[in-house]
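Keep in mind it's a predicted model, so treat the numbers as computed, not measured.
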Amino acid sequence: MNYYELIEYLDIENGSEVSYFEEMADIIESDEHIDHEALMKLFGEMEPATAASLLDEYFNEITGGLPADYSEMFSLLDQIRLELTGTIKNASEDDPEAIRDFTDRFYRFRNWYVYDTEVSVLDRSTSREFEQSVRDAISTARAGKLSGVEYAFDFSTALDYDIDYYAMSFSDLIDSVGGDTEDDET
């Protein structure tokens, strides 16, 4: 999907109009390949604070769907959330390299989440085993909570994800763990 197909898919005129959780979810979860350059242009048009907020909301939503006994996956997703939100918060329209850095990280996450990694899933009611992407396994876990079907997940192959170094202000770190700061200057 090129940039024009992407904005048509999202039903927007340009990246500055991305402002809803559903739009970020559509960008992340789309089965269609999205060109790196299309994502870079879209993110370059977005307000960094909006992108960070939508990503934060998305990750909170998906981690809320994980069963409690999958703490390693929860922790990994939280680290990815911190990496992505920290990177985009430090980006600006005046710094195309920062947008490229964020897009590279986002693109890697999206490929890992939607395409590249398989999670082994066991439907405990039928003893049927199958493989799913991380995205689909999390959806299956959420659906299981609603339907009462019990699943077991083996996320071990998905845990092989390298978190890159990124800059995060101390106040952002405090905010990420739920603390309140009176002074956001660091």
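In summary, the side chains of Y3 and E45 do present a donor paired with an acceptor at a separation below 3.5 Å, with no hydrogens or angles considered.
Other residues, nucleotides and ligands place no more than 12 heavy atoms under 6.0 Å from the CD atom of E8. Within a 6.0 Å sphere centred on CG of D160, other residues, nucleotides and ligands contribute 12 heavy atoms or fewer. Counted within 6.0 Å of OH on Y20, heavy atoms from surrounding residues, nucleotides or ligands total 12 or fewer; the atom is thus considered open.
Listed by chain and number, the residues in a side chain to side chain contact (heavy atoms under 4.5 Å, CB included) with S127 amount to none (sequence neighbours excluded). Partners of Y107 by ring-ring contact (aromatic ring centres under 6.0 Å, His included), not counting sequence neighbours, listed by chain and number: H36. Partners of E150 under the side chain to side chain contact (heavy atoms under 4.5 Å, CB included) rule, at least two apart in sequence or in another chain, are R124. Looking at residues two or more places apart in sequence or on another chain, you find a side chain to side chain contact (heavy atoms under 4.5 Å, CB included) between E97 and D95, R100. Every residue two or more places apart in sequence or in another chain that forms a side chain to side chain contact (heavy atoms under 4.5 Å, CB included) with E13 is listed here: E17.
Going from atom CD of E83 over to atom CD1 of I88 covers 12.0 Å, rounded to the nearest 0.5 Å. Remark: D162 CG to Q79 CD distance equals 11.0 Å, nearest 0.5 Å. Distance check: L55 CG to F106 CZ gives 6.5 Å after rounding to the nearest 0.5 Å. With rounding to the nearest 0.5 angstrom, the OG1 atom of T87 is 7.5 Å from the CZ atom of F102. Interatomic distance, OG1 of T103 versus NZ of K41, reported as 13.0 Å (0.5 Å rounding).
For F109 and F59, the gap between ring centers is short of 6.0 Å.
One hydrophobic cluster holds both W112 and L84 under the rule that ILVMFWY side chains link at heavy-atom gaps under 4.5 Å. The cluster map of Ile, Leu, Val, Met, Phe, Trp and Tyr, joined by side-chain heavy atoms under 4.5 Å apart, puts I28 and F21 in the same cluster. Clustering ILVMFWY residues whenever any of their side-chain heavy atoms sit less than 4.5 angstrom apart, transitively, puts I27 in the very cluster that holds Y115. The cluster map of Ile, Leu, Val, Met, Phe, Trp and Tyr, joined by side-chain heavy atoms under 4.5 Å apart, puts V18 and Y4 in the same cluster.
Between Y151 and F153, the angle of the ring planes lies from 30° to 60°, which puts this pair in the tilted group.
The two residues V119 and A158 have their closest heavy-atom pair at CG2-CB, 4.3 Å.
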Tell me which donor-acceptor pairs under 3.5 Å the side chains of residues 135-143 have, and how far apart each pair is, sequence neighbours excluded?
from	atom 1	to	atom 2	distance (Å)
R135	NH1	E29	O	2.5
R135	NH1	D31	OD1	2.8
R135	NH2	D31	OD1	2.8
D136	OD2	S133	OG	3.3
S139	OG	R135	O	3.3
T140	OG1	Q132	OE1	2.8
T140	OG1	Q132	NE2	3.0
T140	OG1	D136	O	2.9
R142	NH1	E61	O	2.7
R142	NH1	E61	OE2	3.2
R142	NH2	E61	OE2	2.6

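The pair R108-D104 does not count as a salt bridge, with every side-chain nitrogen at least 4.0 angstrom from each carboxylate oxygen.
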